[in-house]
Amino acid sequence: MSASPDVRRRVAVRVEGIVQGVGFRPFVFRLAHELGVAGWVRNDEHGVLAEVEGPADAVEAFVARVRADAPPLAEVDRVACQERALRDEPGFAIVATGVADPGELPSAPITADTATCADCLAELFDPADRRFRYPFVNCTNCGPRFTIVRGVPYDRALTTMAAFTMCEACQAEYDDPLDRRFHAQPNACPVCGPAVALVDGVGREPAADSLLSDRGSAGRDDRVASYPPYGRMTRHDPVRAAADLLLTGQILAVKGLGGYHLACRADDESAVAALRARKHREDRPFALMVHDLAAARALVELDAAEEALLVGRERPIVLARRRAGAAVAPSVAPGAPDLGVMLPYTPLHHLLAADTAVPLVMTSANLSDEPIAFLDDDARHRLSGIADVFLVHDRPIETRTDDSVVRVVGGRPLMLRRSRGFVPASLALPVPAARPLLACGAELKSTFCVARGERAWVGHHIGDLKNFETLESFREGIAHFEELFAVKPEVVAHDLHPDYLSTAYALEREGVELVGVQHHHAHLAACLAEHGESGPAVGAILDGSGYGTDETVWGGELLVGDLAGFERAGHLWPVRLPGGDRAVREPWRMACAWLLEAGEDVTAPPAALAGAVDPARWRTVAQMVATGTAAPMTTSAGRLFDAVGALCGLRAEITHEGQAAIELEAAALGGEAGKPYSVDVREGGVPSAPGHTPTPGHTPAPGHTPTPGHAPVLIDPREAIRRIARDVAAGVAVSAIAARFHAGLAEAVARACVGIAARSGLDTVVLSGGVFQNRVLLEAVATHVEGAGLRALVPQRLPPNDGGIAYGQAAVAARRME
Ligand SMILES: [Zn+2]
Ligand SMILES: [Zn+2]
């Protein structure tokens, strides 16, 4: 019903969602001007509140467009209207933020860091613009947010921009509701903002003038800035000089948004090999930065979903299939079928990419297993043996934030590492948390999660908590999130593993209620919850390891569960884990365990491993497996992949997590599955050999119900192991063996899930756990499950690996509070 134009109305319009710090009020202001309505707009503790008055159709158009045309960084959850009495005021105004009702908690005002927008990019490369080549250009639609925030409310004084006082021109932009930089907290220009400098490892400018380019200068010619740690800057353009050094094959440490990168030409083998050697990072693939989509297409094959991710405002590293003959040095990603590629996401990156015009290695600046460097003194200290020169700047980084990593599986994004660009965007909880809660996550690929009501905020990727600095980041990160999102946890969820440092942290928290959540149940719950579901569903949770309710090492689990609890409906055939954690680093040990389990001869290493494993050590391990000495039981799917990788002779030992499995997947991509290896699925039948008995007397974990009336469904790959051993010995191509193994296991996992779903009356199968980072396996299992008429639910916004555990724990804890 459209009102007659001479009828006037006034309505109060409340907008909720991510609407602060994203240019919402200026947008409302412009919209009001355009539609000719009077009134006002302001931020308050719920979001944005406006009152608009004018001809009824203009007011109606305002209400529709306030949602439909919202600024790019806003996420409007709700728009609610209430009729008000006419006031007949002149014009439209942005009014100061009102004092929040102390009884109300603030909504999430902090958004994620966002890639440079098209308007700012145009200015960056426009010689006539006052921000021409200024590496910190930003506006309300783009730029740093989470990485510079020190506290709330989100205001310049509580960011790392506090030390920079805006010049007149910047202040005028900041104060003008019609300007793109109205209330853009990190607003800056060459006159008043941060600056870059090129320095050596001890903070001096590189001595030789020849190091510095004379080709141009940034807009700082007449100004000499000083910053204590780095000495003085010259009138030269440090970015152009850095680009020149990169082009000559030097290794640079580049201070970015969430930390330092190490950079070099990606097409220069001697530079990349030198970086690899100095980094002590034997063969983990390096990420690449290319200047545009065309340059990315030259390196990797991209479908529409992958291109959308590459150019999206989050700018993650996208893992995509390497193009044959891609012009990258062999040392960039040895043996990897994929390359990790990203596009520039800060103005500094855009300048470097444009000035070099070659693909650059851009890898986290750290030694193996240390967290990424982000503090200037620490970076200089830790990286001086790696980088020849440092390209630094004087805007401090508040929170260390790694690049996010995504791959596309089945046309949908699969998050592998959720961090810069995505954090701290909130996720919904299907069952709201009745009390504020904290979930502490796992231990490797650690993240945490705070939640209240229906909102959960998952922290940035922290890494392996066993590293001291990482554990510090974990503690600091939790404290930071509790402040930013006003969560004072009354409930703390944690993994059941008694030795996880995240569990230890949870137990340290005083005056809280603890909720233990089984590891694979958390994986299942995370996937359900991110899709807004509560279950029940069947879950095929395949990962490296997680503490089981029977105190053994689980990792190839078939669960039936919902957010509240689960039953273990089945699992992978259990085997020995000889040497515990050493078996993770040395996949040949798992090959030995699986061969013995399959009844093969283990008196000597098989031919494919003969050169790589000392026969005496092999015999010792075979003995450990046979007797169960220092060899706990495991149902780990990750270790099965390790074993097969080792049996194929791909890798006896690994230098980074999942390496053997990743190489097995790579081999499978090039192989003809032909007739898949047969993997048996049946109810019951685990032998009662010593050690196959679960620890007696254990108490079941909360939420875990033993299966009534059914023996566990077993996925038994022993026949496949025998066939693999024979085929390797017979010289069958590794690619064919890998493909047959993937196909056989995928079919068996799907068959097991379909059987369990049928007897439980369920129609949904959740596929999660770190092993499902394997695209070949995930696509095959999902296809089989869907082919049987069931729904396959796959993680998308959170990683299938342990990076998703904290959110799953939060979803379970919230449900149990109900
Ligand atoms: Zn912008
Ligand atoms: Zn300025």
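Below, each value reflects all heavy atoms present in this structure, side chains not excepted, and no hydrogens, waters or symmetry copies. Each ligand, and each atom within it, is numbered from 1 in the order the structure gives.
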Would you list the atom pairs, donor with acceptor, under 3.5 Å between side chains in residues 72-79 and any protein atom, with sequence neighbours excluded?
{"from": "R78", "atom 1": "NE", "to": "E16", "atom 2": "OE1", "distance (Å)": "3.1"}
{"from": "R78", "atom 1": "NH2", "to": "E16", "atom 2": "OE1", "distance (Å)": "3.2"}

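Aromatic ring centroids of F136 and F164 lie 6.0 Å or more apart. Taking the six-membered ring for Trp, H183 and Y174 have ring centres closer than 6.0 Å. In summary, the aromatic rings of F481 and W457 are positioned with their centroids too far apart to meet the 6.0 Å limit. Between Y345 and H350, the ring center distance fails the sub-6.0 Å criterion.
Between R420 and D113, no side-chain nitrogen of the basic residue sits less than 4.0 Å from a carboxylate oxygen of the acidic one, so the salt-bridge criterion is not met.
Inspection of the environment of the Zn ion (ligand 2) yields the following protein N, O or S atoms under 2.8 Å: C167 SG, C170 SG, C189 SG, C192 SG.
At the Zn ion (ligand 1), the angle from SG in C120 to SG in C142 is 100° when rounded to 10°.
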